[in-house]
Amino acid sequence: MISITEWQKIGVGVTGFGIFFILFGVLLYFDSVLLAFGNLLFLTGLSLIIGLRKTSSFFFQRHKLKGTSFFLGGVAIVLLRWPLLGMLLETYGFFNLFKGFFPVVFGFLGNSANIPFLSALFRRLEGTSSMV
């Protein structure tokens, strides 16, 4: 069984609150304060879950610098109160950063979902190497 430290448990909670505030900020017509707070909580929670060293090595790999620059640039633009442009940049950077994880996620969802249409869709998406 995988042991989870107290810091990782706190990180999961902080990341969950960050995602909640980001979604709530989008629902309230791109409220810049909620989006900025959500972004800061999400990044803090992510670094608490996997650690500062692994977080920095993930974001600053040579082949991920384009995605990192768009993602962190979007966070900075949201903090400067341009929420729509910042969220667009963040979304593009997010897909560039995590495009390697999408086939794994779709494979897991395809195996766990017993709904015929969704499982066929997820299995088809599992074979693709990137979403962008």
> Taking side chain as C-beta onward, heavy atoms only, is Val26 less than 4.5 Å from Met87?
Replying inline: yes

>> Rounded at 0.5 Å granularity, tell me how far OG in Ser69 sits from CG in Asn96.
In response: 8.5 Å

> Between Pro83 and Phe30, what is the shortest heavy-atom contact and its length?
Replying inline: CG-O, 3.2 Å

>> Tell me whether the count of non-hydrogen atoms from other residues, nucleotides or ligands lying under 6.0 Å of CZ in Phe58 goes above 12.
In response: yes

> For the hydrophobic clusters of this structure (ILVMFWY residues joined by side-chain heavy atoms under 4.5 Å, transitively), does one cluster hold both Ile50 and Ile10?
Replying inline: no

>> For a quick test of reading the model, state the closest non-hydrogen atom pair linking Ser32 to Arg81 and the distance between them.
In response: OG-NH1, 3.5 Å

>> Quick check for you: to the nearest 0.5 Å, what is the distance between Leu34 atom CG and Phe20 atom CZ?
In response: 8.5 Å

> Tyr29 and Leu79: same hydrophobic cluster, using ILVMFWY side-chain contacts below 4.5 Å?
Replying inline: no

> Distance from Leu43 atom CG to Leu48 atom CG, nearest 0.5 Å?
Replying inline: 11.0 Å

> With a 6.0 Å cut-off on ring centres, are Phe98 and Phe94 close enough?
Replying inline: yes

> What distance do Phe21 atom CZ and Asp31 atom CG have between them, rounded to the nearest 0.5 Å?
Replying inline: 11.0 Å

> Can you find a heavy atom in the side chain of Leu89 that is under 4.5 Å from one in the side chain of Ile77?
Replying inline: yes

>> So, taking the atom named CG in Leu41 and the one named CG in Leu46, what distance separates them when rounded to the nearest 0.5 Å?
In response: 12.5 Å

> Where do Ser57 and Gln61 come nearest, in terms of heavy atoms and distance?
Replying inline: O-CG, 2.9 Å

>> Quick check on the 6.0 Å ring-centre criterion: do Phe95 and Phe102 meet it?
In response: yes

> Is it the case that one hydrophobic cluster holds both Trp7 and Val14, taking links as side-chain heavy atoms less than 4.5 Å apart, direct or via other members?
Replying inline: yes

>> Between Thr44 and Thr15, is there a side-chain heavy-atom distance shorter than 4.5 Å?
In response: no

> In terms of hydrophobic clustering (I, L, V, M, F, W, Y; side-chain heavy atoms under 4.5 Å; direct or indirect links), are Ile19 and Leu88 co-clustered?
Replying inline: no

> Between Lys9 and Val12, does a side-chain contact (heavy atoms from CB on, under 4.5 Å) hold up when you go through it step by step?
Replying inline: CA-CA 5 Å; Lys9 291 177 187 177; Val12 169; 5.8 Å; no

> So how far is it from Leu84 CG to Leu35 CG, rounded to the nearest 0.5 Å?
Replying inline: 10.0 Å

> Is there a donor-acceptor contact under 3.5 Å from the side chain of Thr68 to the main chain of Leu65?
Replying inline: no

>> Please check: side-chain N/O of Glu90 versus main-chain N/O of Phe71, any donor-acceptor pairing under 3.5 Å?
In response: no

>> Side-chain heavy atoms nearer than 4.5 Å, only ILVMFWY residues, links allowed to pass through others: does that put Phe17 and Leu40 together?
In response: no

> If we only count heavy atoms from C-beta on, is the Phe59 to Leu97 side-chain gap below 4.5 Å?
Replying inline: yes

